[in-house]
Undergrad: 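I have a structure I would like to understand better, so I am pasting it below and will then ask my questions one at a time.
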There are 2 protein chains.
Amino acid sequence: MLWEDTLKQAGFRVTASRRVIIQVLLDSNVPLLPQEILERGRHFHGSLGLVTVYRTLALLAELKLVRRVHCQEGCHGYVVASPGHRHHVICRQCGRAVEFLSGDDVCAFVAQAEAKTGYRVDDHLLQLVGLCPACQAQAA
Amino acid sequence: MLWEDTLKQAGFRVTASRRVIIQVLLDSNVPLLPQEILERGRHFHGSLGLVTVYRTLALLAELKLVRRVHCQEGCHGYVVASPGHRHHVICRQCGRAVEFLSGDDVCAFVAQAEAKTGYRVDDHLLQLVGLCPACQAQAA
DNA sequence: CTCACTGCAAAGAATTTGCACTGAA
DNA sequence: TTCAGTGCAAATTCTTTGCAGTGAG
């Protein structure tokens, strides 16, 4: 389902601000701070306000359309949340992030954790940190 | 190596405040906010200040003795970083967290991600969220 | 003794709220 | 037309800094 439909079905309106914010996130492959989203968004929608960015992100996160992630230096970045679980590998050097699909591997892993702890797990947060190919080459 | 030794070896002093803050973290099995650490710490060391908590956490994080984690509702919690990788399953109901050891499963998983993305992964953050046994029983 | 460490008060960021105006449906 | 959504300014909350006093080594 497209994000616009998700919004409408939940009774929310599709506005220029929301369109711009989602677009900015889609165009980026790096988690963005609210402030960064504002700057990039103003490129398309000059009157965009920071408050709207915050409110929109909160709404989108509520609807699971974006995900708040924990970046290196204590910041709250946001990325689009693809349906189905995906995770990010973030480069500690350049910050570039790549998504990778979690196959059965994670499911199996979660099942194992459930067996060990007795918890019933229904969500998880996984982020890998390392060096992307480009930065590896540069370091060598 | 004990945390006190780690501090000394790095040229820092072992003070009452630091002792208290580490103790509070060790006593908790839930990630704690700076504010919470302050409250619990004052139980042992009345004059403890929030500023010291922040500075101590920054120092301990620098030395890899504690780890900053990303909690549900956009907060920055801290937990002691056990040597060797451990992860947490957090109960969304009561907040109780349990650690579980990541066996080869995670290593295998990381290796798979490296193969898929070309990144060289050297750190990861994994948190599972769900219901602990007690809360499951309560819900039933 | 010295200088790292601390607490307080104040500064600076990050995030939320109140309110009147605007525009999607 | 109506009410959700918006931007601004102000209020809160979170975190960092400046500085003089204190105590670990």
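Because only heavy atoms are used, hydrogens play no part in the values below, and waters and symmetry mates are left out as well, while side chains stay in. Everything quoted here is computed from the prediction, not taken from an experiment.
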Undergrad: In whole angstrom, what separates B/Q35's CD from D/dC14's C1'?
TA: 10 Å
Undergrad: Out of curiosity, does B/V51 fall in the hydrophobic cluster containing B/I22 (side-chain heavy atoms, cut-off under 4.5 Å, transitive links)?
TA: no
Undergrad: What is the minimum heavy-atom distance between A/Q136 and B/Y119, and which atoms define it?
TA: NE2-C, 3.4 Å
Undergrad: Given B/L25, which partner from the list B/V20, B/L65, B/L32 fulfils the side chain to side chain contact (heavy atoms under 4.5 Å, CB included) test?
TA: B/L32
Undergrad: Would you call A/E36 and A/P34 a side-chain contact if the rule is heavy atoms closer than 4.5 Å?
TA: no
Undergrad: Can you tell which of C/dC8, D/dC8, D/dT6 lies closest to the side chain of B/R42?
TA: C/dC8
Undergrad: Return the nearest nucleotide to the side chain of A/P34; candidates are C/dT15, D/dT17, C/dC19.
TA: C/dT15
Undergrad: From OH of A/Y54 over to C1' of D/dT12, roughly how many Å is that when rounded to an integer?
TA: 13 Å
Undergrad: Between residues 13-21 of chain A and DNA chain C, which residues have a heavy-atom gap below 4.0 Å?
TA: A/R13, A/V14
Undergrad: Run the salt bridge (charged side-chain N to carboxylate O under 4.0 Å, His left out) test against A/E4 and tell me which residues pass, sequence neighbours left out.
TA: A/R19
Undergrad: When the distance from NE2 of A/H45 to P of D/dT6 is rounded to whole Å, what number comes out?
TA: 9 Å
Undergrad: Rounded off to whole Å, could you give me the CG-to-P distance for the B/L50 and D/dT16 pair?
TA: 10 Å
Undergrad: From CZ of B/F12 over to P of D/dG25, roughly how many Å is that when rounded to an integer?
TA: 13 Å
Undergrad: Select from B/R55 and A/L48 the residue whose nearest nucleotide in DNA chain D is closer to the 5' end of that strand.
TA: A/L48
Undergrad: Would you mind reading off the distance between A/L57 atom CG and C/dT16 atom P, rounded to a whole angstrom?
TA: 10 Å
Undergrad: Looking only at heavy atoms, what is the nearest atom pair of B/R13 and B/L7, with distance?
TA: O-CD1, 3.7 Å
Undergrad: Return a table of donor-acceptor pairs under 3.5 angstrom between the side chains of residues 55-63 of chain A and protein atoms on other chains or two or more places apart.
TA:
from: A/T56; atom 1: OG1; to: A/T52; atom 2: O; distance (Å): 2.7

Undergrad: Given atom CG of B/L38 and atom C1' of D/dT16, what is their separation to the nearest angstrom?
TA: 16 Å
Undergrad: Write down the distance between CD (B/E4) and C1' (D/dG25), rounded to a whole number of angstrom.
TA: 14 Å
